[in-house]
Novice: 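The structure under discussion is supplied below as structure tokens; questions concerning it will follow.
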Amino acid sequence: MSRYNFKETEAKWQAIWGERRTFCVDEQSDRPKYYVLEMFPYPSGRIHMGHVRNYTMGDVVARYRRAAGYNVLHPMGWDAFGLPAENAAMERGVHPAEWTYSNIATMRGQLQQMGLSIDWQREIATCHPGYYRHQQELFLDFLDSDLAYRKESWVNWDPVDQTVLANEQVVDGRGWRSGALIERRKLAQWFLRTTAYSDDLLDALAKLERWPERVRLMQENWIGRSQGAYIRFELRDRSSGKSLDDRLEVFTTRHDTLFGMTFCALSPHHPLAAALAAEDEAAAAFIAECDRLGTSEAAIEAAEKTGYDTGLAVRHPFDTDRVVPLYIANFVLMEYGTGAIFGCPAHDQRDLDFARKYGLDVIPVVAPRDVDPAEFAVADEAFVEDGVLVNSSFLDGLDVPGAKERMAARLEEDRIGEPTTIYRLRDWGISRQRYWGCPIPVIHCEACGIVPVPRGDLPVALPDDVAFDRPGNPLAHHPTWKHVDCPSCGAGAQRETDTMDTFVDSSWYFARFCSPRAERPTNRDQVDYWLPVDQYIGGIEHAILHLLYSRFFTRAMRRCGHVSLDEPFAGLFTQGMVCHETYRDQRGAWLFPNEVERRDDGTMVTISGQGPVTVGRSESMSKSKRNVVDPERIIDAYGADTARLFMLSDTPPERDLEWTDAGVEGAWRYINRLWRMVEAPAGPLAPGDAAMPDALSDAADRAWRLVHKTIHGVTDDLDKFRFNRAVARIRELTNLVGELEGDGDDVAWVRRRGLEAVVQLIGPMMPHLAEELWQRLGHDTLLADIAWPAADPALLVEDTITIGVQVNGKLRGTVEMPRDADRETAESLALALDGVQRAMDGKPPRKVIVVPNKIVNVVV
RNA sequence: GCCCGCUUGGCGGAAUUGGUAGACGCAACGGACUUAAAAUCCGUUUCGCUUCGGCGAGUGCCGGUUCGAGUCCGGCAGCGGGCACCA
């Protein structure tokens, strides 16, 4: 018997699929369409295990749907713009384009080695002018539709590198590369009006039934629609008591607690705070201190709450003798509401922490129902639940919702406020002061203002001759690129040098795949045929931003006539990460898994010097911790099918997967076992065209029934993304078929049919091995072109079943009985069991619960 | 800090709608084959006790609902994802 040669076999079938164009799409098909898409990769250099997992899952879905009778679109492309290319340029002097295209070439080869059923004719790269020129057209459409606009906003500015930094690039208030203290700066930036669709993006979540509930929840919270009220307060100078002209407008969701207000606070970026800082050095210093936290909401909210007393006072609108101090506080966000709040420490934990720190009053105005209001006090924990309003004048005695309503009405009556709905969602800032991105196609003219680039002049292409030897945006430094004549008046003008956020690139690539070479961004016939994506697969880390931006983009594209639908992804699956143990040497330096080995006594040592190795817990594979395994090495050593099977076995796809050598070996052993079962079966196989024998022995019948149960179960599992269970079921069937003994016609027939079923069912997971075995079983049609097997419903139900018998809820035995036996039969069979009698200890049954075909529970 | 998840044997996990906890795989141990090793095949394997018939405990922790809870409810802990310029 020949050994399974995976190298030869995998190359052979990849060549055959390629020659026959097996996976190239045909829109003329009369089959129903099915669009399966995995999140396209960033071309970082080489594929990693996360890619292998993602694309294996997608390929299983694509191949399964194809077999199940669908016209499947399964494309691949490259999310090719972004910072790492510029970092490579700076660090190694290689041009971003060269670096990117060379990475793409490498990674394309690696993906092709995986044997994915991808239509490579549709490949796109977002850094290619053939892609981004259409993105520029979309931008111009959005500009025309008032969905794109320019405004000033705050950024993290690195004064040394002369660039804007992402929050993750700001470490302890300093730039990651330069080490310079970062500043907050206001910069004119381009925005997309995501908030135009706040309500729609929120309400439409309910219709995304094939999305994970938690993703919908996260998006709901992200959009953050809340009902509340604006309230305008009179401001006074605290020392003079004089009333000021300016009013302070706050937003609150707890207007019911207005009588518990003991202070007000401004965001450090509130215009009033800026005005105060202009005349008050201490205020300016405080604001500067707040700015050092950067723009990250996480950093701001996790920081200790601090404030600066402005010396101004706020007058209570209904208790007019009361004035409370006005602070500037680091935890008030300018981006949310009005950038100013009133503080009610008794009923908000953050306000309470702040009040305790600055010695402010705490006045409870909502008391729990079961407590005497006179006795009720707030200590370290704010009372945030519903209760009865107290100390609140015209609100006393109401519950929280009632008080909100009454207060809202009163605010409107007195014209000092009104109820409102606000959102946490902000417009999407897409400006990046970087080279390697899609140029924003506008021109700044001194006379005409902002002038869109005429559509006939698109694309606005990136210049190739750029230098990264000085700080700042290379496009801005380029000697000629930005100098153009104004399309409107012809005078000298300047191109916009900002490029787009790479999230823009990935917000419509799924639409471009439908007609990747079209002259316009989309071809309406094609997108109408293929969209929505039936199954989208990617990491949970994209649960909010990428998916929300894509949902927004689809709506915006619809408004501009490029697509006919709102929701791009009908089904979504979010996969877990791939993890590995971490290793460090004596000096604490991280080690790659292939630098260490396990000794017989179980301890780990370095291969080079046999030095001691500390094993850390398993974490998501990352270059920085070196706990990575290169997929190419696994594919070289064991083949793509082994890597694919391992990715699907054992761990449910939504959970994190632990990469282990032992698991890989297990997958490899199974492949060889299947190979042997076909190459050297334990007994004869019936001819391929043999008819079913008239009678089956018990063993053959049992195996034949399992074939059908497995087909049924695996089909259901694949529909529900339970790949690990599907693998387990196929292994069970493999075991039983392998155990079949004898050379009778019935056994020989079931043996053949069993093997064929195993090969067909494992096909989407291990396509190369399956094609090879299918051929060796005597078929001359590609397995990839064979219809998915169907289970015979008659073989799925058993005549006798075994159920558990409990006494007082504890299992005391099992009993076999005919399926759908009546209660009396079940009860008497159950009571007759030795273990049951023993457990009953002579006591009469008080009650016998019989759940047909499930369980009998005797209560004594 | 806020939002969202996850937690079952030595390990990855299975368990339909609340109905026999541990399928399938890994590892370990015992055996067969072999001059030997690898590979392969067979067997054992939740833990504790056991007179070997069984008995008791057990799904992160505490409590509740139920004839019956891994599954439902309340509280807690640990770990992870996201927090708007990484992709």
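Remember, it's a predicted structure, so these values are computed and weren't measured experimentally. Throughout, protein chains are lettered first and strands after them, A, B, ... in sequence-line order, and every chain is numbered starting at 1.
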Novice: Which part of the nucleic acid, if any, lies within reach of Gly82(A) when heavy atoms closer than 4.0 Å are counted: base, sugar-phosphate only, or nothing?
Specialist: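 Counting heavy atoms under 4.0 Å across all strands, the contact made by Gly82(A) is with sugar-phosphate only.
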Novice: Taking the side chain of Ala728(A) as heavy atoms from C-beta outward, which of rA23(B), rC85(B), rC41(B) is closest to it?
Specialist: rA23(B)
Novice: Using atom P in both nucleotides, what's the gap between rC62(B) and rC49(B) to the nearest angstrom?
Specialist: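 Result for the P pair: 22 Å, nearest Å.
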Novice: Would you classify Ala543(A) as touching base, sugar-phosphate or nothing, given that sugar-phosphate means primed atoms plus P, OP1 and OP2, and contacts are heavy atoms under 4.0 Å?
Specialist: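 It contacts nothing in the nucleic acid.
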Novice: Using atom C1' of each nucleotide, how far apart are rG82(B) and rG10(B) to the nearest Å?
Specialist: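 To the nearest whole Å, 34 Å.
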Novice: Whole angstroms only, please: what is the CD-P distance between Gln219(A) and rA84(B)?
Specialist: 16 Å
Novice: With heavy atoms under 4.0 Å as the rule, sort Lys810(A) into base, sugar-phosphate or nothing.
Specialist: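 Lys810(A): backbone/sugar contact only, no base atoms under 4.0 Å.
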Novice: Between rC11(B) and rG19(B), how far is it from one P atom to the other, in whole Å?
Specialist: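 It comes out at 26 Å once rounded to the nearest Å.
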Novice: Between the base of rC3(B) and the side chain of Asn221(A), is one N or O donor paired with an acceptor at under 3.5 angstrom?
Specialist: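 Donor-acceptor pair under 3.5 Å: no.
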Novice: What is the base-pairing partner of rA38(B), counting Watson-Crick and G-U wobble geometry with both distances under 3.5 Å?
Specialist: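 Result: none.
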Novice: Using a cut-off of 6.0 Å, state whether more than 12 heavy atoms not belonging to Asn853(A) lie near its atom CG.
Specialist: yes
Novice: Looking only at heavy atoms, what is the nearest atom pair of Leu37(A) and Tyr509(A), with distance?
Specialist: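 The answer is CD2-OH, 3.9 Å.
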Novice: Compare side-chain N and O positions of Asn808(A) against OP1 and OP2 of rC67(B) and report whether any pair is under 4.0 Å apart.
Specialist: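 No, Asn808(A) has no side-chain N/O under 4.0 Å of OP1/OP2 on rC67(B).
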Novice: Strictly under 6.0 Å, is that where the ring centroids of Phe723(A) and Phe721(A) end up?
Specialist: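 Centroid separation for Phe723(A) and Phe721(A): below 6.0 Å.
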Novice: Which nucleotide, in any strand shown, forms a Watson-Crick or G-U wobble pair with rG53(B), with both distances under 3.5 Å?
Specialist: none
Novice: Starting at atom CZ of Arg214(A), determine the distance to atom P of rG81(B), rounded to an integer number of angstrom.
Specialist: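 After rounding, the reported distance stands at 12 Å.
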Novice: Using a 4.0 Å heavy-atom cut-off across all strands, classify His542(A) as base, sugar-phosphate, or nothing.
Specialist: base
Novice: Searching all strands shown, indicate the nucleotide that pairs with rA28(B) (Watson-Crick or G-U wobble; both distances under 3.5 Å).
Specialist: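 rA28(B) is paired with rU44(B).
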Novice: Roughly how many Å is it from CZ in Phe646(A) to P in rC11(B), rounded to a whole number?
Specialist: 17 Å
Novice: With a 3.5 Å limit on both atom pairs, tell me what rA15(B) is paired to, counting Watson-Crick and G-U wobble, or say none.
Specialist: none
Novice: How long is the line joining CD of Glu581(A) and P of rC26(B), in whole Å?
Specialist: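 Atom CD in Glu581(A) sits about 19 Å away from atom P in rC26(B).
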Novice: Should Arg669(A) be listed as having a side-chain N or O under 4.0 Å from OP1 or OP2 of rC26(B)?
Specialist: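 It does, given that an N or O in the side chain of Arg669(A) lies less than 4.0 Å from OP1 or OP2 of rC26(B).
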Novice: Which is true for Tyr670(A) with a 4.0 Å heavy-atom rule: it touches a base, it touches only sugar-phosphate, or it touches nothing?
Specialist: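 Tyr670(A): no heavy atom of the nucleic acid under 4.0 Å.
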Novice: By the 4.0 Å heavy-atom rule, please label Asp716(A) as base, sugar-phosphate, or nothing.
Specialist: nothing
Novice: Can the ring centroids of Trp428(A) and Phe503(A) be said to lie less than 6.0 angstrom from one another?
Specialist: no
Novice: Is any side-chain heavy atom of Cys579(A) less than 4.5 Å from a side-chain heavy atom of Glu658(A)?
Specialist: yes
Novice: Mind calculating the distance between CG (Asp656(A)) and P (rC11(B)) to the nearest angstrom?
Specialist: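 Distance, rounded to whole Å: 17 Å.
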Novice: For the side chain of Leu545(A), starting at C-beta, report the closest nucleotide among rC83(B), rC67(B), rC26(B).
Specialist: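 Of all the options, the side chain of Leu545(A) is nearest to rC83(B).
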Novice: Report which part of the nucleic acid Ser431(A) touches: base, sugar-phosphate, or nothing (heavy-atom distance under 4.0 Å, all strands).
Specialist: base
Novice: The side chain of Pro84(A) lies closest to which of these nucleotides: rG56(B), rC24(B), rA87(B)?
Specialist: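 Closest of the options to the side chain of Pro84(A): rA87(B).
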Novice: Checking contacts here: which listed nucleotide (rG56(B), rC67(B), rG19(B)) is nearest the side-chain heavy atoms of Lys847(A)?
Specialist: rC67(B)
Novice: Quick check for you: among rG81(B), rU7(B), rC24(B), whose closest atom lies nearest to any side-chain atom of Arg655(A)?
Specialist: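 For Arg655(A), the side-chain atoms sit closest to rU7(B).
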Novice: Counting distance only, does the side-chain N/O of Trp659(A) pair as donor-acceptor with the main-chain N or O of Met621(A) below 3.5 Å?
Specialist: no
Novice: Who is the Watson-Crick or G-U wobble partner of rC6(B), with both distances under 3.5 Å?
Specialist: rG78(B)
Novice: Any base atoms under 4.0 Å from Ile544(A), or only sugar-phosphate, or nothing? Heavy atoms, all strands.
Specialist: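 If one applies the 4.0 Å heavy-atom cut-off, Ile544(A) turns out to touch the sugar-phosphate alone, with no base involved.
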Novice: When you compare rA57(B) with rA69(B), how far apart are their P atoms, in angstrom units rounded to a whole number?
Specialist: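 rA57(B) and rA69(B) have their P atoms separated by 13 Å.
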Novice: In the structure shown, which nucleotide is the Watson-Crick or G-U wobble counterpart of rA87(B), with both distances under 3.5 Å?
Specialist: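 WC or wobble partner does not exist here.
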Novice: Give one of base, sugar-phosphate or nothing for Ser296(A), where a contact means two heavy atoms less than 4.0 Å apart.
Specialist: sugar-phosphate
Novice: Base, sugar-phosphate, or nothing for Arg424(A), non-hydrogen atoms under 4.0 angstrom?
Specialist: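 Base, at least one base heavy atom under 4.0 Å.
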Novice: For the side chain of Ile540(A), starting at C-beta, report the closest nucleotide among rC85(B), rC55(B), rG81(B).
Specialist: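 Ranking rC85(B), rC55(B), rG81(B) by closest atom to the Ile540(A) side chain puts rG81(B) first.
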Novice: Syn or anti for rG53(B), please, going by whether the chi angle lies within 90° of 0.
Specialist: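 rG53(B): syn glycosidic orientation.
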Novice: Which is true for Arg731(A) with a 4.0 Å heavy-atom rule: it touches a base, it touches only sugar-phosphate, or it touches nothing?
Specialist: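 Result for Arg731(A) = sugar-phosphate.
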Novice: Using purine N1 to pyrimidine N3 plus N6-O4 or O6-N4 for Watson-Crick, or N1-O2 and O6-N3 for G-U wobble, each under 3.5 Å, what pairs with rU59(B)?
Specialist: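 Partner of rU59(B): none.
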Novice: What does Asn724(A) touch in the nucleic acid at a heavy-atom separation under 4.0 angstrom: a base, only the sugar-phosphate, or nothing?
Specialist: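 It contacts sugar-phosphate atoms only.
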Novice: If you check the Ile849(A) side chain, which of rC85(B), rC86(B), rG19(B) turns out closest?
Specialist: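 So the side chain of Ile849(A) is nearest to rG19(B).
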Novice: Look at all strands and tell whether Glu220(A) reaches a base, only sugar-phosphate, or nothing, counting heavy atoms closer than 4.0 Å.
Specialist: nothing
Novice: Report yes or no: is the cationic atom of Arg216(A) (NZ for Lys, CZ for Arg) under 6.0 Å from the centre of the six-membered ring of Trp211(A), at an angle within 45° of the ring normal?
Specialist: no
Novice: For rC67(B) versus rG54(B), give the span between their C1' atoms, rounded off to a whole number of Å.
Specialist: 25 Å
Novice: How are the rings of His51(A) and Tyr55(A) set relative to one another: parallel (under 30°), tilted (30 to 60°) or perpendicular (over 60°)?
Specialist: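 Aromatic pair His51(A)/Tyr55(A) classed parallel.
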Novice: Rounded to whole Å, how long is the line connecting atom CH2 of Trp222(A) with atom P of rA84(B)?
Specialist: 6 Å
Novice: Quote, to the nearest angstrom, the C1' distance that separates rA36(B) from rC26(B).
Specialist: 27 Å
Novice: Can you work out whether Gly809(A) or Phe503(A) has the more 5'-proximal nearest nucleotide on RNA chain B?
Specialist: Gly809(A)
Novice: Does the separation of the ring centres of Phe354(A) and Phe331(A) fall below 6.0 angstrom?
Specialist: yes
Novice: If every non-hydrogen atom of Cys290(A) is compared with every non-hydrogen atom of Asn330(A), which pair is closest and at what distance?
Specialist: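 The answer is SG-CB, 3.6 Å.
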Novice: Find the distance His51(A):NE2 to rA87(B):P and express it as a whole number of Å.
Specialist: 13 Å
Novice: I want to confirm an ordering. Mapping Leu811(A) and Pro652(A) to their closest nucleotides on RNA chain B, which one lands closer to the 5' end?
Specialist: Pro652(A)
Novice: Quick one: label Arg846(A) by what it contacts on the DNA or RNA (base, sugar-phosphate, nothing), any heavy atom closer than 4.0 Å.
Specialist: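 No contact.
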Novice: Is the phosphate of rC85(B) approached by Arg432(A) (side-chain N or O, under 4.0 Å from OP1 or OP2)?
Specialist: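 For rC85(B), OP1/OP2 do have a side-chain N/O of Arg432(A) under 4.0 Å.
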Novice: How far, in whole Å, is rU46(B) from rA14(B) if one measures between their C1' atoms?
Specialist: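 Comparing C1' positions in rA14(B) and rU46(B) gives a spacing of 14 Å.
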Novice: With C1' as the reference atom in both, quote the distance from rC42(B) to rG80(B) in angstrom, rounded to an integer.
Specialist: 42 Å
Novice: Nearest-Å distance, CG (Leu657(A)) to C1' (rC79(B))?
Specialist: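 Computing the Leu657(A):CG to rC79(B):C1' distance gives 17 Å.
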